[in-house]
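So the structure is just underneath, and the comments pick up after that.
Note that the numbering runs from 1 along the sequence shown for the chain.
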Amino acid sequence: MKRILVTGALGQIGSELTSELRYRYGNDYVIATDIRNDSEGTVGDGPFEVLDVMDGERMFEIAKQYEVDTIIHLAALLSATAENKPLLAWNLNMGGLVNALEVARELNTQFFTPSSIGAFGPTTPKDETPQVTIQRPTTMYGVNKVAGELLCDYYYQRFGVDTRGLRFPGLISYVTPPGGGTTDYAVDIYYKALANQSYRCYLREGTYMDMMYMPDAIEAIIQLMEADGDKLIHRNAYNVTAMSVAPEHFANAIREHIPQFNMTYDVDPVRQSIADSWPNAIDSSIAWEEWGFRAKYDLNSMTGDMFQKLRGKLIQK
Ligand code: NAD
């Protein structure tokens, strides 16, 4: 990775990834793009271009102009939003991905796009979900993610494009609000804990899902992209996780910092049924075996860091 184009750079992952890439590779070498303008200066100094990923020609022009050797494709509609707008999700998630893969093929760049635990479905083994297993998701988001994994494999096998991907769990961060996923509660709960000492959760108690703190997710992307390609067998996409947790575990971890914290439940049937169709705990051992990735943060260390950072943010305001 020397010159990197990021799509969807203003989103939850993109905003933190772009900053970290600029820190490591140099501001001018990371070209941030999004359909929205960066009016708040979210991704700091360095080139920024407005780009709708449905416009493949413009994506090609930008990539060529900046002579990029890596494309990190993040623009997508997330699980809960995709379930509300399935046709839009299909068009954007698949159309944007094909456009980005085509640019990677034409310009011979490295390529990364995230898959998700949403690529699994109700018939997938729920515990210690293997790297290679049944993938029959029942959500539009999941259908997009499975098709995307296969498409990335296809571009590698058929055209030799160096495609790489991760199946991310729910990601938790304090920088940018999440964009309409099923695991968004795990971010919101920290904001509400600080503001109101209470949270009304849209998922039932006992709903286990995998999660990861954003610094680990960013590290996973960079580590995978820097890994020796000869060692990668399961390129698209690696199971990665840091913790398998249910809403009550967040509440308990938060009470270590805010003892009066109170949690109530008001189940949203759409997001509950999506969560119920996903694994409880995935097996991420192949990521360790093939390119040496292991997450650093667990629930308690993440909670401590979240509160410290969020308090800092609130004081600054
Ligand atoms: P997000 O919703 O926070 O950000 C998406 C960004 O894409 C937004 O800034 C949006 O403005 C931009 N965008 C939307 N439509 C666009 C278009 N037509 N052209 C260009 N940009 C457009 O999403 P995120 O959480 O950063 O997720 C990025 C990727 O990671 C997605 O593929 C998502 O499925 C995947 N992922 C995310 C999580 C998570 O918990 N955040 C978990 C698993 C996988």
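In this structure, the separation between CE on Met214 and NZ on Lys309 is 13.0 Å, given to the nearest 0.5 Å. The line from OG1 of Thr7 to CG of Leu97 is 9.5 Å long, rounded to the nearest 0.5 Å. With rounding to the nearest 0.5 angstrom, the CD1 atom of Ile222 is 6.0 Å from the CG atom of Leu17. Here the straight-line distance linking atom OG1 of Thr183 with atom CZ of Phe168 works out to 12.0 Å at 0.5 Å rounding. Distance check, rounded to the nearest 0.5 Å: CG of Asp184 to CD1 of Ile172 gives 10.5 Å.
Every residue was checked against the side-chain hydrogen bond (donor to acceptor under 3.5 Å, both in side chains) condition with Asn196, not counting sequence neighbours, and none meets it. The side-chain hydrogen bond (donor to acceptor under 3.5 Å, both in side chains) test applied to Arg3 returns no partner, not counting sequence neighbours. Ala195 is linked by a side-chain contact (heavy atoms from CB on, under 4.5 Å) to nothing, counting only residues two or more places apart in sequence or in another chain. In this structure Arg136 satisfies the side-chain hydrogen bond (donor to acceptor under 3.5 Å, both in side chains) test with no other residue, sequence neighbours excluded. For Asp55, the side-chain contact (heavy atoms from CB on, under 4.5 Å) criterion is met by Glu57, Arg58, not counting sequence neighbours. With sequence neighbours excluded, the residues that form a side-chain contact (heavy atoms from CB on, under 4.5 Å) with Ala237 are Ser115, Glu149, Arg167. In terms of the side-chain hydrogen bond (donor to acceptor under 3.5 Å, both in side chains) criterion, Thr139 has no residue partners (sequence neighbours excluded). Not counting sequence neighbours, the partners of Asp45 by the side-chain contact (heavy atoms from CB on, under 4.5 Å) test are Asn27.
Here the options are Tyr202, Tyr199, Tyr185, the test is side-chain contact (heavy atoms from CB on, under 4.5 Å), and the partner is Pro247; only Tyr185 passes.
Under 3.5 Å, the side chains of Ser79 and Thr182 contain a donor-acceptor pair of N or O atoms.
Residue pairs meeting the salt bridge (charged side-chain N to carboxylate O under 4.0 Å, His left out) criterion with at least one partner in residues 234-251, sequence neighbours excluded, are Asp162-Arg235. The ring pair (Phe, Tyr, Trp, His ring centres under 6.0 Å) contacts involving residues 286-313 comprise Tyr190-Phe307, Tyr213-Tyr297, Tyr238-Trp291, His257-Phe307, Trp291-Phe293, where partners must be two or more places apart or lie in separate chains. Here side-chain hydrogen bond (donor to acceptor under 3.5 Å, both in side chains) pairs that include residues 81-101, with residues two or more places apart or in two chains, are Asn93-Asn144. Within the structure, the salt bridge (charged side-chain N to carboxylate O under 4.0 Å, His left out) test picks out the following pairs touching residues 26-35 (sequence neighbours left out): Asp34-Arg36.
Put simply, the side chain of Lys64 never gets that close to the backbone of Val103: no donor and acceptor are under 3.5 Å apart. Panel note: side chain Thr124, backbone Ile134; a donor-acceptor pair is recorded below 3.5 Å.
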Start with the C-alpha gap between Ile221 and Ile13, add the side-chain angles, then the distance that decides, and say whether side-chain contact (heavy atoms from CB on, under 4.5 Å) holds.
CA-CA 10 Å; Ile221 296 174; Ile13 299 179; 4.0 Å; yes

